[in-house]
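Okay, structure first, notes after.
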Amino acid sequence: MNASELQVNAQRLREDIDALAQIGRHEDHGIYRMSFSPGDMVGREWLRRRITDSGLTLHQDGAANISARLNWDGKTPGVMAGSHIDTVPGAGHLDGALGVVCALEALRTLQEEGVALRRPLEAIAFTDEEGRFGGLFGSQAVAGLVTPEYLHNACDLDGVTLVDAMAQQGLDARDALHAQRPPGSIHAYVELHIEQGPVLDRKGVSIGVVDAITGLFKWEITLSGAANHAGTTPMNMRADAFQGLAEFAGQIDRVLEEYGGPRSTATIGRVELIPGAANVVPGQAIFSLDVRDTDDATLKVLGEAFRRTLEAIARRRGLMFEFAVLSEIAPVRSAAQVVHTIDQAVEASGLSAAHLTSGAAHDAQIIAGIAPAGMIFVPSKEGRSHSAAEWTAWADIEAGANILLNTLRRLAS
Ligand SMILES: [Zn+2]
């Protein structure tokens, strides 16, 4: 490692990660810090205390995003790093929390070392990344994407509205409309996160430099034929919806090979056959199709190719088909300047790294709409995430924290 590279206080970092990991933990060992739940509120209080204890400036915006600030003057565009401390139900201890605690540790280290910096720094924990009320709420508020309609419609699976959940904590959800940052006020954004996939673990490298976050489209497809007696309907007189689905599934590899890129994925994750009896020819097959790629044009071409394939199969088999678009998210490329700075920090550290893409959504994807953004990944043991089995080796966590620290130092210098 170059002598100029800074190092975080590994002991303090570990204590913070361990302390936060105990908050919202249930007997099943999973963590329950869904946004504005009791666990989340204790986690927020813990984070605010750690920020004030460190002598950094505490700030909370209208979307209840919590920040630590260093050298803040309210004028100079700052360098931001962060993630989220809310979790899915039964979560592991690193998804989101790692990025927040390491960003805080980076600011504490820069403050203690008295590093001369040209730009202010901010470590931020975004509200409801995981989606109790829809997801990516805090970062969308910062990016100016939260509207009164959004606030009006946001509710959880039990019908609790975001407005009520915030009011219960003494917060006014309408304040989120004022959490938007002025254009140009964020010089750069960096998010450290666990990979949540198996690539780095398999390769045995400590650091992933994220080139792009994938976009996706999700369809619900219905193939309709005729339900009939499995014994009395001859094979050549059937309109078997499942046979259509099976043929389509068999075409996925070909379509990806012909029209996709090297990182394209397509998944049928849910299938329902109607009526769904062993002795009845299925009259309807309803199934999901999730397609992802980091290139927008490739996603469009894949969408058309899958539609043509469905059409041809339906025509040949005497089936009707329709599909509903459930969601569409555009892919985002990391900012070249941020990727280059992360690469510099990696090179100076002498650590092993690999460039890769993110298959999951992150706050970085939203902030990329208003500021140059990039991400650093550390390995997830066997790719496990959204589970209590989530695990990253301490050496990798420390490596990731140091790369974040030295990336922020470079961006703020
Ligand atoms: Zn996350």
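Whatever order the structure lists ligands and atoms in, that order sets their numbers, starting from 1.
The line from OG of Ser83 to CE of Met375 is 6.5 Å long, rounded to the nearest 0.5 Å. Annotation: the span from Thr309 atom OG1 to Phe321 atom CZ amounts to 9.5 Å, rounded to 0.5 Å.
Listed for the Asn65 side chain is a donor-acceptor partner under 3.5 Å among the backbone atoms of Thr127.
Taking the side chain as every heavy atom from C-beta outward, His193 and Leu98 never approach each other to under 4.5 Å. A 4.5 Å side-chain heavy-atom check between Trp391 and Arg384 finds every atom pair outside the cut-off.
Within the protein, the N, O or S atoms sitting under 2.8 Å from the Zn ion (ligand 1) are His84 NE2, Asp95 OD1, His193 NE2.
Side chains of His386 and Asp95: a donor on one and an acceptor on the other come within 3.5 Å.
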